[in-house]
There are 2 protein chains.
Amino acid sequence: MGGGNKFQEPVKTSRRRQVRKEKEEDEVNESFKSPNLEAERRRREKLHGRLMALRSHVPIVTNMTKASIVEDAITYIGELQKIVQNLTEKLHEMEETPLEIYEQQTVHTIKPEVEAIDLKVEMKKMGIEENVQFCKIGKRKFWLKITTEKRPGIFTKFMEVMCLLGFEIIDITLATSNGAIIICSSVQILQGLCDGDSVDPEQTKDFLLEVMRSNP
Amino acid sequence: MGGGNKFQEPVKTSRRRQVRKEKEEDEVNESFKSPNLEAERRRREKLHGRLMALRSHVPIVTNMTKASIVEDAITYIGELQKIVQNLTEKLHEMEETPLEIYEQQTVHTIKPEVEAIDLKVEMKKMGIEENVQFCKIGKRKFWLKITTEKRPGIFTKFMEVMCLLGFEIIDITLATSNGAIIICSSVQILQGLCDGDSVDPEQTKDFLLEVMRSNP
DNA sequence: GTATACACGTGATTC
DNA sequence: TGAATCACGTGTATA
């Protein structure tokens, strides 16, 4: 009545432990064809593969045993959940906007782009339109105002464009509200490059608008 | 030669499937004392328990089968990791955005030390005095204005101090002129830390003045 | 009827 | 040595 040892061809010789060592002695006969032998083999292999996959997803592994793999996975999930909770709290503290959707429920219903869309919608709801103003206020000085959707890296892009156009920042104001960002700034064309007459305000305004609309 | 059916007392009658239905027929004898029978039972129970615990830690469960439990756990871990990554990125972007102002702006305004001294002299000449104002404008909101010498890293230091004091930036204005820098900002005490009453404006103002005067 | 899933006891294997 | 873990084939319950 022993467990499986009825001899089997070494289908998987690359096992962890060289098991079923080609017994092939007596008692080989009695060939009792069990109806679900193959199915059971597949099931075992499947579970084995899943456990290995689970192990590969967990950074810390104390043991290779099945129970340990599952145990480590539990510990890791607990840590991840705690991290998510902390980060969510921190994020909520940082941004004053409530973002009613972003609750703990989203742990298993992640929607990366939904929030950005919501902000954009909210911005539209508040009557804030994408807009760029650019006008000359001095011999070499210009004044500009940009209103656009608040996206990560938007201010960096703005500064890069200013640098590219050869403008020096004199003063700048930045405010965010309801998913929108407003930048007001006085700039000055860099000395040595050219004088203010070589700047076409209309053209510069269109360029700024185009750049601000494009994604990073 | 069957699998385990050597009869066993129903230690765990509250199983998922009432298995081992008290066979107790013939072939009960042959009492082959297997040395590791009990140990194997414990091992099985252990793994079973771990899998149940794992299942309880995963919110979505498609199937009750062992392979499915592990599979769902893998999926869940993947989602958690993605969430952590997204939140971390967002958090970093949020707390780095103000710093970008300093970094980008200094691209144009960084000057040799000799000139910095000249700028300080010029600032004095223009009648601009080092000054810090700090007052309460709401339950948890404060308004501040800092006028000081324009030095590299001064804005970074300002942001660090704000973070240290537990203030969240609502809006901020930064302007430079004649070797001086002026920072106007509305800030808000972070939720969870304390209420606005625990902030002494006079004391905070002196602290800001002292920090801004000190060299990095 | 087939197909899948599980627990069982056992031999082999590793530490 | 034992104690722990594994893969195996089977009986049996479930869908």
Side-chain angles (χ1 to χ4, degrees), chain A residues 1-55 58 61-73, chain B residues 1-56 58 61-74:
Chain A
M1 296 63 186
N5 54 352
K6 194 74 68 69
F7 164 65
Q8 62 171 351
E9 71 286 4
V11 276
K12 290 284 186 180
T13 125
S14 65
R15 281 285 169 75
R16 175 175 150 278
R17 296 200 284 194
Q18 193 65 18
V19 90
R20 293 309 123 197
K21 206 187 188 174
E22 302 276 353
K23 225 183 162 193
E24 198 152 13
E25 302 170 4
D26 55 348
E27 82 188 12
V28 186
N29 302 335
E30 318 177 17
S31 61
F32 266 152
K33 41 183 176 181
S34 23
N36 61 340
L37 200 159
E38 204 173 338
E40 177 64 13
R41 268 190 207 158
R42 284 203 316 249
R43 171 185 165 270
R44 274 198 298 263
E45 256 188 53
K46 189 173 173 182
L47 181 57
H48 182 79
R50 298 294 179 195
L51 280 175
M52 287 306 157
L54 179 63
R55 189 178 67 88
V58 175
V61 180
T62 59
N63 261 333
M64 280 284 278
T65 79
K66 290 181 174 179
S68 286
I69 290 173
V70 179
E71 193 174 358
D72 294 340
Chain B
M1 295 54 189
N5 52 353
K6 194 75 66 71
F7 164 66
Q8 62 169 349
E9 72 285 3
V11 275
K12 290 283 186 180
T13 124
S14 65
R15 282 282 169 80
R16 176 175 150 278
R17 295 199 287 193
Q18 193 64 21
V19 92
R20 295 306 121 198
K21 205 181 181 177
E22 302 277 352
K23 222 183 163 191
E24 197 152 15
E25 301 172 4
D26 56 347
E27 81 188 13
V28 186
N29 302 335
E30 320 176 15
S31 60
F32 266 152
K33 42 182 174 181
S34 20
N36 60 340
L37 200 158
E38 206 173 334
E40 177 64 13
R41 266 189 208 158
R42 285 204 312 251
R43 170 184 165 271
R44 273 199 298 265
E45 255 188 54
K46 190 174 174 183
L47 180 58
H48 182 80
R50 298 294 178 193
L51 279 174
M52 287 306 159
L54 179 63
R55 189 179 68 89
S56 73
V58 176
V61 180
T62 59
N63 261 331
M64 279 287 275
T65 79
K66 289 182 176 181
S68 285
I69 290 174
V70 179
E71 192 174 357
D72 293 340
I74 294 175

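Residue numbers begin at 1 in each chain, while the letters A, B, ... track the order of the sequences.
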Between [N] ([atom2]) and [X] ([atom1]): distance, integer Å:
| X | N | atom1 | atom2 | result |
| --- | --- | --- | --- | --- |
| B:L47 | D:dA7 | CG | C1' | 13 Å |
| B:M64 | D:dA15 | CE | P | 12 Å |
| A:N63 | D:dC6 | CG | P | 9 Å |
| A:R44 | D:dA7 | CZ | C1' | 6 Å |
| B:E38 | D:dT5 | CD | P | 14 Å |
| A:R42 | C:dT4 | CZ | C1' | 9 Å |
| B:R43 | C:dT13 | CZ | C1' | 13 Å |
| B:E40 | C:dA12 | CD | C1' | 12 Å |

**Message:** To the closest 0.5 Å, what do you measure between NE2 (A:H48) and CE (A:M52)?
**Reply:** 4.0 Å

**Prompt:** Got a second to check how far B:N36's CG is from B:R41's CZ, nearest 0.5 Å?
**Reply:**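 So the gap between those two atoms works out to 11.0 Å.
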
**Prompt:** So which one's nearest nucleotide on DNA chain C is more toward 5', A:K46 or B:N36?
**Reply:** A:K46

**Asked** Closer than 4.0 Å, any side-chain N/O of A:R41 to the OP1 or OP2 of D:dC8?
**Response** no

Can you give me every donor-acceptor pair (side chain of residues 63-71 of chain A, partner residue at least two apart or in another chain, under 3.5 Å) with its distance?
residue : atom : partner : partner atom : Å
A:T65   : OG1  : A:S68   : N            : 3.1
A:T65   : OG1  : A:S68   : OG           : 3.1

**Item:** Results of salt bridge (charged side-chain N to carboxylate O under 4.0 Å, His left out) for A:R43 - residues two or more places apart only
**Value:** A:E40

